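To start, the structure itself, in structure tokens.
Values reported hereafter were calculated over all heavy atoms of this structure, with side chains retained and with hydrogens, waters and symmetry mates removed. All of these numbers come straight from a predicted model, not from anything done at the bench. A, B, ... follow the sequence lines: proteins, then strands. Residue 1 opens every chain.
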Amino acid sequence: MSSLRCTIAKHPIIFLVDTSTTLNQLKQIHNQLLINGIINDPHLFGQFVASIALNNPINLTYSNRLLDHCHNPTLFTFNSMIRAHCKSSTPHRSFEFYKRIITSTHRLSPDNYTFNFLVRTCAQILSLEAGMLVHCSVLKHGFDSDPHVQSGLIFMYAAMGCLDSCHKVFDQIPVPDLVCQTAIVSACAKWGEVVLARKLFDEMPVRDLIAWSAMIAGYAQCGLSRKALDLFNLMQIEGVKVNEVSMVSVLSACTHLGALNQGRWAHAYIEKNRLKMTVTLGTALIDMYAKCGDMNKAMEVFRCMGEKNVYTWTSVINGLAMNGAGEKCLELFSMMKQAGVRPNEVTFISVIRGCSVVGLVEEGREHFDSMRRVYGIEPQLEHYGCLVDLYGRAGRLDEALNAIDDMPMKPHAGAWGALLNACTIYKNTEMGELASRKLVELEAKNHGAYVLLSNIYADSKEWDKVTDVRQVMKAKGVKKLPGCSAIEVDGEVHEFFVEDKSHPRYNEIEFMLGEISRRLRSAGYVANTKPVLFDIEEEEKEDALCKHSEKIAIAFGLISLKQNQPIRIVKNLRVCWDCHDVTMMISKIFDREITVRDRNRFHHFKDGHCSCKGYW
DNA sequence: CTAGGGTTAG
């Protein structure tokens with residue numbers, strides 16, 4: 001037990017109060033104080049109350065009650081109470097103590113500490129109204145020149161997404177210190193002004209570890225993972241020491257890029273430099289391995305971790321679901337509950353997905369129902385979307401539709417999209433038309449709605465309707481989102497977009513694409529290819545084969561990786577039917593293991609088959 | 001006697 005020593009000025013009694021101090025122990029200490037007469041010393045008693053509040057948020061109620069017996073609590077006492085409540089489950093109660101300061105009969109007046117804590121309470125409860133009132137009081141009392149309060153205000157407005165206010169506060173600081181500079185960099189990166197963030201970062205006269213971490217995290221959060229890793233390299237070149245917090249953002253960037261080798265390097269770095277394996281860092285590692293396709297390693301890290309929180313469990317459960325290991329996913333969920341970790345709304349999304357990928361409909365439904373019944377979590381749009389998917393993938397289309405009808409809120413595009421996807425798999429034209437109509441009503445330019453509908457028509461050879469859909473798409477200007485696939489070769493991530501010819505080795509890639517095409521055709525596979533997008537001409541189909549980003553990436557993998565090295569692709573969209581078919585064939589003809597992570601899940605291709613068994 | 005900036009799961 002790490003005890004926090006709270007010494008009372010020159011008094012022999014030392015309080016040992018921390019998060020594990022029980023109520024009974026507190027009462028014993030309280031009695032000790034009574035015996036020693038400290039209770040009559042208002043200043044010391046105020047400190048006692050404060051020390052409980054600060055070190056034992058669980059017993060906040062106790063210090064609240066004690067405070068009522070405090071005859072003349074000091075500003076220190078009140079400040080401590082505000083600070084303690086700020087991070088508790090009842091942050092709004094901070095304001096009660098502010099009120100007691102300003103209405104105090106002992107002529108107390110708030111100081112810079114008071115406002116610093118109050119500002120953080122506002123950030124905590126995300127109340128812009130409260131934040132602006134506190135800001136006014138800060139100005140009124142003249143604490144806007146205090147650097148702690150300044151950074152606090154930037155932090156608060158950043159938490160609420162008021163970037164303009166962040167800038168206003170920052171611009172009025174004559175000489176912002178390192179902390180304020182970092183706060184504004186972080187705020188800009190968090191809310192889309194990442195270029196400005198970088199500019200401010202570059203202009204900083206001194207940059208410490210936290211400043212670097214803030215900028216790296218900013219890139220990672222914007223999805224600019226490549227830039228995050230580049231900056232991390234620069235940071236190392238400049239000789240700035242890395243710690244466990246900065247490593248989390250680095251791992252997060254690796255995760256999004258699917259850069260397994262860089263992630264492995266980061267893991268080795270962590271162990272070699274003995275960075276503290278915090279829960280957060282461990283969770284980031286698990287997520288990295290899981291989303292880069294190495295689920296075994298993810299499980300290994302998971303088993304080695306001592307403390308596991310809801311993030312940790314959810315990461316591993318989600319990883320198993322994404323990799324199609326539904327049963328294992330449910331096993332871990334049950335272990336999580338046994339370990340006494342309470343699942344939250346995110347956990348349930350992964351659990352129901354896990355059921356969905358292996359067709360465990362009844363289990364999935366039970367978990368969905370248990371959300372509200374057992375855990376008091378109201379299912380949100382996402383959960384209903386998962387439920388529709390659960391029924392839909394299993395071919396139980398009527399129940400999927402019922403799930404949509406049962407939604408207490410307006411069904412979102414995700415719900416209809418899940419239904420439409422199911423209609424495509426099970427070739428239900430009628431319901432598919434309904435789903436795509438609803439989808440288009442919600443999102444007029446939803447590319448998927450048109451593509452899937454036309455797939456249904458193409459499957460049932462209704463070419464006229466296929467043409468109609470095509471014309472509507474053209475008329476509405478519906479454009480396909482640009483697909484992007486990434487592949488890591490020798491620790492470097494290469495990105496390919498649709499029809500991307502910009503790679504320095506494109507000549508070889510093009511040659512390989514031709515080779516793929518020839519070998520698929522000679523093996524008689526092309527004839528089996530489902531109608532791509534529309535009833536396009538044979539030549540166009542051939543052309544389409546070379547267009548999609550994952551095919552270019554796979555071709556690059558074939559020319560740049562050794563035969564025994566698996567080809568691992570990360571795609572920003574979902575894999576299309578055609579690419580899925582073609583990749584299965586490539587895995588057989590070229591005798592390669594290919595793993596594709598699309599935005600939904602993993603596909604492990606081997607010997608002409610895919611781990612998803614067409615169930616996606 | 002109390003404070004500030006960077007981190008994880010959908």
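Counting distance only, with no hydrogens placed and no angle test, the side-chain atoms of A:Asn243 and the base atoms of B:dG6 include a donor-acceptor pair under 3.5 Å.
Minimum atom distance to the side chain of A:Tyr113 is reached by B:dT2, of the listed B:dT2, B:dG4, B:dG6. Out of B:dG10, B:dG5, B:dT7, the shortest distance to the side chain of A:Arg353 is found at B:dG10. When each of B:dG10, B:dG5, B:dT2 is scored by its nearest atom to the side-chain atoms of A:Thr182, the top-ranked nucleotide is B:dG5. Among the nucleotides B:dT8, B:dG5, B:dC1, the one closest to the side chain of A:Leu178 is B:dG5. Comparing atom distances between the A:Glu345 side chain and each of B:dG5, B:dG6, B:dG10 picks out B:dG10 as nearest. Side-chain proximity of A:Asp177 to B:dG4, B:dG6, B:dG10: nearest is B:dG4. Relative to the side chain of A:Asn116, the nucleotides B:dG4, B:dG10, B:dT7 differ in distance, and B:dG4 lies closest.
Side-chain contact check for A:Thr74 and A:Thr77: at least one donor-acceptor pair (N or O, by modelled atom type) lies under 3.5 Å.
Every pair tested for ring pair (Phe, Tyr, Trp, His ring centres under 6.0 Å) that includes a residue from residues 214-246 of chain A fails, sequence neighbours excluded, so the list is empty. The stretch residues 328-351 of chain A participates, sequence neighbours left out, in these side chain to side chain donor-acceptor pair (under 3.5 Å) pairs: A:Thr314-A:Thr347, A:Asn318-A:Ser350, A:Asn344-A:Thr347. For residues 149-198 of chain A, the ring pair (Phe, Tyr, Trp, His ring centres under 6.0 Å) pairs, not counting sequence neighbours, are A:His135-A:Tyr157.
In terms of heavy atoms, A:Asp598 sits closest to A:Arg574 at OD2-CA, 3.7 Å. Residues A:Ser127 and A:Met160 come closest through the heavy atom pair O-CE, 3.2 Å. When all heavy atoms of A:Met371 and A:Pro379 are compared, the closest pair comes out as CE-CA, 3.8 Å.
Rounded to whole angstrom, the span from the NE2 atom of A:His256 across to the C1' atom of B:dT7 amounts to 12 Å. In this entry the distance linking NE2 of A:His383 with C1' of B:dA9 reads 12 Å, nearest Å. Across the protein-nucleic acid pair, A:Gln221 atom CD and B:dG10 atom C1' stand 16 Å apart, rounded to whole Å. Rounded to whole Å, atom C1' of B:dG5 lies 16 Å from atom CH2 of A:Trp212. Atom CE of A:Met288 and atom P of B:dT8 are 15 Å apart (whole Å). Computed from coordinates, the A:Leu281 CG to B:dT7 C1' distance equals 9 Å when rounded to whole Å. In this structure, the CE atom of A:Met277 is 16 Å from the P atom of B:dT8, given to the nearest Å. Residue A:Asn318 contributes atom CG, which lies 10 Å from atom P of B:dA9 at whole-angstrom precision.
As judged by a 4.0 angstrom heavy-atom cut-off over every strand, A:Asp287 is placed among residues touching the sugar-phosphate backbone only. Among the protein residues, A:Ala284 comes within range of no part of the nucleic acid, since none of its heavy atoms lies under 4.0 Å from any strand. The residue A:Lys291 sits close only to the backbone: its heavy atoms come under 4.0 Å of sugar-phosphate atoms, none of a base. A:Thr314 comes within 4.0 angstrom of a base, heavy atoms only. Residue contacts shown for A:Ser249 are limited to sugar-phosphate atoms, with no base heavy atom under 4.0 Å away. Nucleic acid contact class of A:Phe117 (heavy atoms, under 4.0 Å, all strands): base. Counting any heavy atom pair closer than 4.0 Å across all strands shown, A:Leu75 reaches no nucleic acid atom.
The aromatic ring centroids of A:Phe97 and A:His85 lie less than 6.0 Å from each other. Annotation: A:Tyr98 is not in aromatic contact with A:Phe78 [ring centroid separation under 6.0 Å not met].
Annotation: side chain of A:Thr182 is in contact with side chain of A:Met204 (closest heavy-atom distance under 4.5 Å).
Contacts with DNA chain B (heavy atom under 4.0 Å) in residues 296-311 of chain A: A:Tyr311, listed by number. Non-hydrogen atoms lying under 4.0 Å from DNA chain B are contributed by A:Asp146, A:Pro147, A:His148, A:Ser151, A:Phe155, all within residues 141-160 of chain A.
When the side-chain nitrogen and oxygen atoms of A:Arg207 are compared with OP1 and OP2 of B:dG6, none of them lie within a distance under 4.0 Å.
Qualifying side chain to side chain contact (heavy atoms under 4.5 Å, CB included) partners for A:Cys222, counting only residues two or more places apart in sequence or in other chains: A:Val194, A:Leu224.
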